[in-house]
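Below: one structure, written as C-alpha cells.
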Amino acid sequence: MIDYKNYIAIDIGASSGRLIYGYLKSGKLQLEEIHRFKNGFHQINHHDRWDIDFLIREIFIGLEKVKERGVDECRIGIDTWGIDYVLIRKNGEKIADPISYRDKRTNNKMQEFCSKVSKEKIYEKTGIQFLDFNTLYQLYAEDKETLAKADKLLFIPDYIGYILTGRQVTEVTNASTTQMLNLRKELFDSELLEALHIKPELFNPLVDPGTVLGEICEKWYDQYDLPKAEVITVATHDTASAVSGTPVLNSDKDNWAYISSGTWSLIGRELKTPINTKEAYESNFTNEWGAYGTYRFLKNIMGMWMIQEVQRLFENGKNTYSQIATLSQDTPFYNSIVDVRDIRFTNPPNMIEEVQNACRETNQPIPETLGELANCIYSSLAISYKEELKNLEKLCGVAIDELYIVGGGSNVEVLNQLTANLARVKVYAGPSEATAIGNLIVQMIAYKDIASIKEARKIIYQSFEIKEYQPQV
Ligand SMILES: Nc1ncnc2c1ncn2[C@@H]1O[C@H](COP(=O)(O)OP(=O)(O)O)[C@@H](O)[C@H]1O
Ligand SMILES: C[C@H](O)[C@H](O)[C@@H](O)C(=O)COP(=O)(O)O
Ligand SMILES: [Mg+2]
C-alpha cells in the first residue's frame, strides 16, 4: 500500500532541476529540497542538445536520497521545460539526445513553414504564439532520416515518465506548447501534421494532468535503492505547474496576472476560455493549456536567461545571483535599455557583447561592469513587464492591479520594486519554488488530499513567505 501522504515533485527547468519532497502538516504545505542539479545544453553532433541521460541519472540519485530521508513510499510528478522532444525507435530506445529549442536549426524555418500554412491560419487553429523554436518548426527542420526511424515522439516530461514506468502518454499542457494542438478539436491538428508529412500515430494519446502512469519499473530497483513509488502526470509543462502554484487567493477575480520568472519570464493571465483574436495574434500572445481546463494567456520574455549568460561569462561565473542583484543597484536604473523580447538574445555567442551592441546601436551608455549589465537587464525586464501588462489589459478588457511573480526571479527584490513602480500594480513575490509546488498540489488534488485548486492556492499562500511591494512614487 503506497503511502498517499508523501509526494515528490521532479521539476526540471532550463537552468536547474530539483527533487522536492512535499507533505501536508497542520494544514500547511511543507517542502524539503532533497536534490538539486544543474541543467543546460551542449554542442553534440552539430546541435545544442540536452543530456537527457544525465537528467535521468540525477533523478535516480535524487530518489535514492528520498529513500535515505526515510520516505519508503511516495507519489511522483514530473514537470520540465516545454517544446523539446525525444524520438524513439520501435524497440523503445531513444534515437538521439533531444535538441534544445535554442539550437540554430530552426533559424528561418518558421518563415519557410508559414509560406505553406499562413500564420493567421496557424494562430486561428492553435492560438499559440510564434516562437521560431516551437516544436512545429523543429519538426519541419528535423532530419528526415531521423524522423523515418522514429516510432514515437515523447516530450521531455513524458519521456522521463516513460523511462520510469514504461508507459507512454502525451500530457496536454506540455503538448500545447508545440503550436500543433487544435484549440477546438483538442488533438494534434491534421492539416499541420500533413504539412509536416507526419502521421498522427507518431504521438501517444493525450492525457490530462492527474493521470496515473503506474509504479516505477521493477528493473530500476536492481540498480538503485529507490522508494516504492507511483508516477502520476501533473501539469507537466513547468510553466503550467508554476501557474498552478501561484498563491492567488481569489482566482475568479479578473484583476490579477502572473509572471513565472525563471530562465524565462512568462507574463500572463489564467483564462477559462482562450483568446485567439486578431488583436491577440498581432500582440503574439499565446493560449498554452493549463491545469483544470484553463488557458495560460501569456507571452514569453527572455527572462533570467540573460542574467544567467552574463553570470556565466563574467569572471568565469564566480558571482552569485544574489551578489549580481546587489551590484545592479550601484548605478541608476533605466540608464541603458534593450528590448528583452528581441530574438537576438535567444542564444547569442556572447550575451555580454550582444547587450553592449544593442546599447551601442541605440546610442546609449554601454554597460561594462557586472552591475551595469545586470542593471540594464533588470531595467529592461521591468519595462517589458509594464508594456506587456498593458497589452494584457487591452486584450482581455480588464484592469490589472495585482501581479504575482513566482520562480527564482521572484528573489530579485529590486526588480520586484521596479516592476511595482513602473506598472503601478501591487506585486506579490514568491514562492521561488512555485513550479515544484504546483507540481505537488496537482498530485495532492488527484489523491484527494486537497479538495481543489482554490483550496490549494490558499494553503500555498499560508505556507510560504509572500513579499508584497506597493508602487512607490
Ligand atoms: N537569490 C537570488 N537572487 C537573485 N536572483 C536569483 C536568486 N535565486 C534565483 N535567482 C534568479 O532565478 C533564476 C533561476 O530561476 P528558476 O526558477 O530556478 O529557473 P529554472 O526553473 O528555469 O531553472 C536564476 O537565473 C537567477 O537569475
Ligand atoms: C520556451 C518555452 O516557453 C519554455 O518551455 C518555457 O515555458 C519554460 O520552460 C519556462 O520554464 P523555466 O523554469 O525554464 O524558466
Ligand atoms: Mg523553472
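Every number for a ligand or one of its atoms is a count from 1 in the order of the listing.
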Practice prompt. Give a yes or no on whether Lys121 atom NZ has more than 12 heavy-atom contacts from other residues, nucleotides or ligands under 6.0 Å away.
Written response: no

Worksheet, complete the sentence: Near ligand 2 (heavy atom, under 4.0 angstrom), the protein residues are Gly13, Ala14, Trp81, Gly82, Ile83, Phe133, His237, Asp238, Thr239, Gly262, Thr263, Trp264, Leu266, Asn300

Discussion item. Among Leu164, Ile232, Leu213, exactly one meets side chain to side chain contact (heavy atoms under 4.5 Å, CB included) together with Ile78. Which residue is that?
Written reply: Leu164

Item to complete: Sequence neighbours left out, what passes salt bridge (charged side-chain N to carboxylate O under 4.0 Å, His left out) with Glu270? Give chain and number order.
Response: Arg457

Worksheet entry | NZ (Lys94) with more than 12 external heavy atoms under 6.0 Å | yes

Response to the item:
Interatomic distance, CG@Asp79 vs OG1@Thr435, rounded to 0.5 Å, equals 6.0 Å

Worksheet item: Which residues satisfy the side chain to side chain contact (heavy atoms under 4.5 Å, CB included) test with Leu249, sequence neighbours excluded?
Response: Lys458, Tyr461

Practice prompt. Compute whether any side-chain donor of one residue and acceptor of the other, for Ser16 and Arg18, lie under 3.5 angstrom apart.
Written response: yes

Could you go through ligand 1 and list every pair where one of its N or O atoms sits under 3.5 Å from a protein N or O, giving the atom names and the distance to one decimal?
unit_1: ligand 1; atom_1: 8 (N); unit_2: Asn411; atom_2: ND2; d: 3.3
unit_1: ligand 1; atom_1: 10 (N); unit_2: Gly408; atom_2: O; d: 3.3
unit_1: ligand 1; atom_1: 12 (O); unit_2: Gly408; atom_2: O; d: 3.4
unit_1: ligand 1; atom_1: 12 (O); unit_2: Gly409; atom_2: N; d: 3.4
unit_1: ligand 1; atom_1: 17 (O); unit_2: Gly408; atom_2: N; d: 3.0
unit_1: ligand 1; atom_1: 18 (O); unit_2: Arg18; atom_2: NH2; d: 2.8
unit_1: ligand 1; atom_1: 22 (O); unit_2: Thr263; atom_2: N; d: 3.1
unit_1: ligand 1; atom_1: 22 (O); unit_2: Thr263; atom_2: OG1; d: 2.6
unit_1: ligand 1; atom_1: 23 (O); unit_2: Ser15; atom_2: N; d: 3.4
unit_1: ligand 1; atom_1: 23 (O); unit_2: Ser15; atom_2: OG; d: 2.6
unit_1: ligand 1; atom_1: 23 (O); unit_2: Ser16; atom_2: N; d: 3.1
unit_1: ligand 1; atom_1: 23 (O); unit_2: Ser16; atom_2: OG; d: 2.9
unit_1: ligand 1; atom_1: 25 (O); unit_2: Gln308; atom_2: NE2; d: 2.8

Worksheet item: Hey, what do you get for OG (Ser15) to CD (Gln308), rounding to the nearest 0.5 Å?
Response: 4.0 Å

Item to complete: Ignoring hydrogens and angles, state whether a donor on the side chain of Glu402 or Tyr404 is under 3.5 Å from an acceptor on the partner side chain.
Response: yes

